[in-house]
Student: 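Before I ask anything, here is the structure I am working with.
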Amino acid sequence: MADRPISLRVSSLPTRFGENIVARILDPEAQILTLPALGFASDTLEQFREAINRPYGVVLVTGPTGSGKSTTLYAALKEISTMDVSTFTLEDPIEYVMPLVRQTQIKEERGLTFSAGLRALLRQDPDIILVGETRDTETAQLMVRAALTGHLVLSTLHTNDAPGAIPRLLDMGVEPFLLPASLIAVMAQRLVRTLCPRCRQPVKHPEEVLRTLDIDLPEKPSQLWHGVGCPFCHQTGTKGRQGIHELLLIDERLHDPIIHRAPASEYLRLGKEGGMRTMFEDGMLKVAQGLTTLEELWRVTRLT
């Protein structure tokens with residue numbers, strides 16, 4: 001398209017009435033977004049930047065398929081990859097081509113799995129390693145050991161929230177005594193549709209929206225917004241998407257609970273005591289700013 005190759009990730013499944021097809025459009029030469037463009041609150045962005053600029057450790061981004069995890073990690077690599085550090089990735093597939101980064105395509109049919117690739121990478125004198133997905137016990141264990149031997153490892157994990165990543169890693173076979181010394185931070189995220197800036201309008205009766213959704217909010221927003229629809233947004237009322245985030249920093253308060261395999265609820269409690277905002281709370285900031293709707297926020301967070 002326009003003399004430029006465009007990739008499609010296509011999944012086809014036979015159903016009763018024919019093939020069901022889902023296609024994801026990938027432009028390998030597209031401009032990789034910067035971290036500030038992803039919708040971070042200023043304090044969360046500062047904390048996440050501090051985490052990814054550590055010399056060693058593990059930083060995880062969690063969420064379901066399609067929640068923007070890879071985009072966040074690409075943006076992080078764009079910020080920290082320089083000529084002074086040796087950066088490698090293991091990806092399935094390689095979605096975007098990055099300068100200054102040596103990217104490897106996983107080929108499981110040939111034995112090049114995430115765990116096999118990670119073992120090979122550790123002999124390449126890396127400083128920063130991006131593991132596209134933590135899928136199995138061996139990969140999780142290798143990531144932790146890589147962090148303990150002086151490497152910064154970025155990866156994704158499928159959990160609903162940030163506190164849930166710790167029990168998941170322990171269930172995958174990571175030794176509890178290794179995790180406090182290796183895990184830096186876990187960030188969970190979702191994507192919400194943002195309101196069109198040209199046609200958004202205040203909701204006339206916000207109390208009706210709150211009553212319909214039946215959400216118990218400690219603080220009621222003074223104003224809610226909705227999109228009317230215009231030519232700029234193709235009459236949809238929305239334009240683009242932004243992330244909502246939940247960043248759990250692993251500090252000494254979490255060490256004993258990790259050693260004793262505490263449940264996710266304990267990490268949530270400790271995280272909130274330390275100032276962590278949940279994804280819903282982070283999304284409410286965007287609702288209050290008129291960036292998205294309460295209905296959209298409830299749609300993407302009600303199952304977490």
Side-chain angles (χ1 to χ4, degrees), residues 22 24-25 30 32-48 60-76 95 156-165 186-203 206 208-230 232-248 268 271-272 276-304:
V22 174
R24 180 182 296 185
I25 303 171
I32 296 173
L33 296 174
T34 62
L35 286 174
L38 300 182
F40 283 97
S42 58
D43 55 344
T44 304
L45 177 59
E46 182 180 349
Q47 292 171 339
F48 186 64
L60 295 174
V61 180
T62 77
T65 301
S67 59
K69 301 185 297 296
S70 295
T71 299
T72 297
L73 289 180
Y74 274 117
E95 296 187 3
T156 69
L157 193 65
H158 287 285
T159 61
N160 285 330
D161 56 16
V186 182
M187 186 172 69
Q189 67 176 56
R190 298 288 189 280
L191 294 175
V192 294
R193 292 173 291 189
T194 50
L195 288 170
C196 174
R198 297 190 184 182
C199 67
R200 69 172 187 173
Q201 292 183 4
V203 174
E208 293 184 2
V209 175
L210 295 170
R211 186 169 59 252
T212 301
L213 295 177
D214 192 24
I215 306 175
D216 184 20
L217 298 177
E219 292 185 16
K220 301 294 189 294
S222 59
Q223 182 63 67
L224 297 176
W225 299 78
H226 70 113
V228 177
C230 67
F232 181 66
C233 63
H234 303 290
Q235 306 302 327
T236 62
T238 61
K239 191 73 174 178
R241 295 186 296 176
Q242 276 196 355
I244 55 173
H245 306 95
E246 176 179 288
L247 181 61
L248 177 65
L268 174 61
K272 295 187 74 170
M276 181 189 80
R277 281 191 300 272
T278 65
M279 281 182 287
F280 185 81
E281 291 167 344
D282 188 57
M284 283 302 300
L285 296 179
K286 293 178 172 59
V287 170
Q289 295 166 3
L291 296 175
T292 191
T293 66
L294 185 57
E295 295 93 330
E296 172 71 0
L297 174 62
W298 185 237
R299 179 184 71 83
V300 301
T301 60
R302 68 179 183 268
L303 297 179
T304 60

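Sequence positions, counted from 1, serve as the residue numbers for this chain. The basis for the numbers below is simple: all heavy atoms, side chains too, and nothing from hydrogens, waters or symmetry mates. This structure is a prediction, so every number in the text was calculated from the model and none was measured.
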Student: Return the CG to OG1 distance between L285 and T292, rounded to the nearest 0.5 Å.
Tutor: 12.5 Å

Student: Nearest 0.5 Å please: distance from the CE atom of M284 over to the CD1 atom of I244.
Tutor: 11.0 Å

Student: What do you reckon, is CD of Q235 surrounded by more than 12 foreign heavy atoms closer than 6.0 Å?
Tutor: yes

Student: Between L191 and V300, is there a side-chain heavy-atom distance shorter than 4.5 Å?
Tutor: no

Student: Which heavy atom of N160 sits nearest to which heavy atom of R190, and what is that distance?
Tutor: O-NH2, 2.9 Å

Student: Between the main-chain N or O of G63 and the side-chain N or O of Q189, is there a donor-acceptor pair closer than 3.5 Å?
Tutor: no

Student: Quick one: are E246 and V186 in side-chain contact, heavy atoms under 4.5 Å?
Tutor: no

Student: For R193 and T293: C-alpha separation, side-chain torsions, deciding distance, then whether side chain to side chain contact (heavy atoms under 4.5 Å, CB included) applies.
Tutor: CA-CA 8 Å; R193 292 173 291 189; T293 66; over 6 Å; no

Student: Can you see which heavy atom on L35 is nearest to which on A75, and at what distance?
Tutor: CD2-CB, 3.7 Å

Student: Given 3.5 Å as the limit, does a donor-acceptor pair link the side chain of T44 with the main chain of F40, or not?
Tutor: no

Student: Got a donor-acceptor contact below 3.5 angstrom from the K69 side chain to the P64 backbone?
Tutor: yes

Student: Looking at K239 and F232, what are the two nearest heavy atoms and their distance?
Tutor: NZ-O, 3.1 Å

Student: For the pair D282 (side chain) and H245 (backbone), establish whether a donor and an acceptor sit closer than 3.5 Å, ignoring hydrogens and angles.
Tutor: yes

Student: Would you check if E295 and L213 make a side-chain contact, meaning some heavy-atom pair closer than 4.5 Å?
Tutor: yes

Student: Contact between L268 and M276 at the side-chain level, heavy atoms closer than 4.5 Å - yes or no?
Tutor: yes

Student: Looking only at non-hydrogen atoms, find the nearest pair between T65 and R24 and report the distance.
Tutor: CG2-NH2, 3.8 Å

Student: Grab the two heavy atoms, one from R200 and one from L291, that are nearest each other, plus how far apart they are.
Tutor: NH1-N, 4.2 Å

Student: With side chains defined as the heavy atoms from C-beta onward, is the minimum distance between T301 and V192 less than 4.5 Å?
Tutor: no

Student: Checking side chain to side chain contact (heavy atoms under 4.5 Å, CB included) for the pair L210/L294: CA distance, chi angles, key distance, verdict?
Tutor: CA-CA 8 Å; L210 295 170; L294 185 57; 3.4 Å; yes

Student: Are E281 and K272 within salt-bridge range, i.e. N to O under 4.0 Å?
Tutor: yes

Student: Going by heavy atoms in the side chains, are T278 and D161 under 4.5 Å from each other?
Tutor: no

Student: Return yes if some donor-acceptor pair links the side-chain N/O of K286 with the main-chain N/O of G39 below 3.5 Å, else return no.
Tutor: yes

Student: Provide the closest heavy-atom pair for C199 versus G237 in the form atom of the first, atom of the second, distance.
Tutor: SG-CA, 4.2 Å

Student: From T238 OG1 over to E296 CD, what is the distance, rounded to the nearest 0.5 angstrom?
Tutor: 8.0 Å

Student: In the structure I gave you, are the side-chain heavy atoms of V228 and H226 within less than 4.5 Å of one another anywhere?
Tutor: yes

